[in-house]
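Take a look at the structure set out below.
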Amino acid sequence: TPLQFVFDAYSGQGRWSNDVAEIAGGMGVSLKLFGDVREYPFDNYKSYLISTASDISTKNPAQTGLYMQDSKEIMPGYKIESKLFSVSAEAKAKNAVIAETIKREQVIGITGVQWNIGRSFDTILTVLLMALLMVLGAAVSVLITIAIVRGKRPPSINSLGWLAAFLFAMFSLRTQLPGNPPNGILFDLWVFYPVVLVLVLLIAVTVTSWILRE
């Protein structure tokens with residue numbers, strides 16, 4: 001039976017049809033993700049796809065059944081959950097009502113799938129460990145500078161080398177964040193940028209102490 005499928009795609013092709021007795025292959029559909037990457041690594045996204053199918057063997061397309069099942073995909077660094085949802089039922093309806101509505105919609109050729117996407121536990125743990133490493137490094141640098149200012153340790157080239165090396169290592173460490181997040185995320189505002197600013201100030205204090213030393 002020749003069928004016609006219509007996908008609620010965000011961009012690109014959203015309509016596809018096959019001929020009689022044709023074995024259908026795969027088709028890429030672009031979907032929109034609803035979420036905010038600035039919350040990295042605790043960012044979560046939602047997406048959905050509404051599809052319809054109709055029998056086009058006659059001049060007047062007729063309704064036909066459409067039953068979809070999401071094939072579980074494993075994406076490194078993410079956890080993905082999917083479920084069918086009702087296109088016409090109210091969001092506050094009971095689960096039994098929603099399930100019954102989904103079955104009726106499938107009979108007339110309407111099916112909706114919703115995905116919930118978030119960072120995996122391993123990714124979140126890796127980011128937290130990297131943040132801890134940055135904060136501890138900054139704390140050690142602060143202690144070294146305080147010892148220099150109080151005169152317990154002399155301002156030396158070695159101390160300047162430590163601060164400068166750790167400052168440049170921060171940028172290399174930032175590029176190793178899983179998922180290659182863009183600049184300006186909350187991780188940058190709360191961890192990376194403050195640590196960089198502290199290191200620059202400590203370098204300035206150490207250089208001043210080294211210059212003023214007799």
Side-chain angles (χ1 to χ4, degrees), residues 9-12 28-49 70 72-83 114-214:
Y10 176 69
S11 63
V29 179
S30 299
L31 303 179
K32 184 176 181 179
L33 294 179
F34 297 91
D36 193 351
V37 71
R38 291 179 299 177
E39 299 177 358
Y40 176 93
F42 303 104
D43 49 337
N44 288 279
Y45 305 92
K46 290 186 177 181
S47 185
Y48 64 89
L49 174 65
D70 181 29
K72 297 296 181 181
E73 294 288 345
I74 299 177
M75 294 180 59
Y78 295 91
K79 59 177 182 179
I80 304 176
E81 299 176 353
S82 64
K83 65 177 181 179
Q114 177 179 319
W115 291 273
N116 294 321
I117 306 172
R119 305 283 176 177
S120 64
F121 175 77
D122 297 338
T123 299
I124 296 176
L125 181 60
T126 300
V127 174
L128 294 179
L129 290 177
M130 295 175 69
L132 181 62
L133 176 62
M134 294 180 180
V135 173
L136 289 179
V140 171
S141 301
V142 170
L143 294 177
I144 293 175
T145 306
I146 291 176
I148 293 174
V149 172
R150 290 184 176 180
K152 295 182 179 181
R153 291 291 185 272
S156 62
I157 297 298
N158 292 333
S159 59
L160 286 175
W162 156 262
L163 294 174
F166 189 70
L167 176 61
F168 286 106
M170 287 288 299
F171 292 93
S172 177
L173 190 62
R174 170 61 176 80
T175 60
Q176 299 302 318
L177 287 176
N180 193 23
N183 294 325
I185 57 177
L186 293 182
F187 179 89
D188 293 333
L189 298 179
W190 291 99
V191 179
F192 180 69
Y193 293 154
V195 170
V196 170
L197 178 60
V198 168
L199 291 175
V200 172
L201 293 177
L202 295 179
I203 290 176
V205 172
T206 305
V207 169
T208 303
S209 301
W210 182 73
I211 293 175
L212 297 178
R213 185 183 67 169
E214 297 181 358

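All values below come from the heavy atoms of this structure, side chains included, with hydrogens, waters and symmetry mates left out.
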(request) Specify the closest pair of heavy atoms between G118 and N44, including all atoms of both residues, with the distance to one decimal. (result) CA-OD1, 3.5 Å
(message) If I compare all heavy atoms of R119 with all of V37, which pair ends up nearest, and what's the gap?
(response)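 Distance-wise, the nearest heavy atoms are NH2-CG2, 4.4 Å.
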Partner residues of [X] under the side chain to side chain contact (heavy atoms under 4.5 Å, CB included) criterion, sequence neighbours left out:
{"X": "I203", "result": "L163, L167, V207"}
{"X": "S120", "result": "D122, T123"}
{"X": "F42", "result": "I124, L128"}
{"X": "L133", "result": "L173"}

(request) Only counting residues at least two apart or in another chain, list the ones meeting side chain to side chain donor-acceptor pair (under 3.5 Å) with Y45. (result) D43
(request) Output all residues satisfying side chain to side chain donor-acceptor pair (under 3.5 Å) with Y193, sequence neighbours left out; order by chain, then residue number. (result) none
Point-to-point distance, once rounded to the nearest 0.5 Å, from [atom1] of [X] to [atom2] of [Y]:
{"X": "T206", "Y": "I211", "atom1": "OG1", "atom2": "CD1", "value": "11.0 Å"}
{"X": "T208", "Y": "L212", "atom1": "OG1", "atom2": "CG", "value": "6.5 Å"}
{"X": "Q114", "Y": "K46", "atom1": "CD", "atom2": "NZ", "value": "5.5 Å"}

For [range], which residue pairs pass the ring pair (Phe, Tyr, Trp, His ring centres under 6.0 Å) check, not counting sequence neighbours?
{"range": "residues 195-214", "result": "none"}
{"range": "residues 126-161", "result": "none"}
{"range": "residues 154-184", "result": "W162-F166, F171-F192"}

(message) Using the salt bridge (charged side-chain N to carboxylate O under 4.0 Å, His left out) criterion, which residues pair with D36? Sequence neighbours excluded.
(response)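 Salt bridge (charged side-chain N to carboxylate O under 4.0 Å, His left out) check on D36 returns R38.
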Can you list, pair by pair, the side-chain donor-acceptor contacts under 3.5 Å of residues 143-156, counting residues two or more places apart and other chains?
residue : atom : partner : partner atom : Å
T145    : OG1  : S141    : O            : 2.9
S156    : OG   : S159    : N            : 3.4

(request) Taking the side chain as every heavy atom from C-beta outward, state whether W115 and L33 have any atom pair closer than 4.5 Å. (result) no
(request) Report, as yes or no, whether the 6.0 Å neighbourhood of atom OH on Y10 holds more than 12 heavy atoms from other residues, nucleotides or ligands. (result) no
(message) Heavy-atom count check: over 12 atoms from other residues, nucleotides or ligands less than 6.0 Å from I74 CD1?
(response)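 No.
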Would you tabulate the side-chain donor-acceptor contacts of residues 181-190 under 3.5 Å, counting partners in other chains and residues two or more places apart, or write 'none'?
residue : atom : partner : partner atom : Å
D188    : OD1  : R174    : NE           : 2.7
D188    : OD2  : R174    : NH2          : 3.0
D188    : OD2  : G184    : N            : 3.0

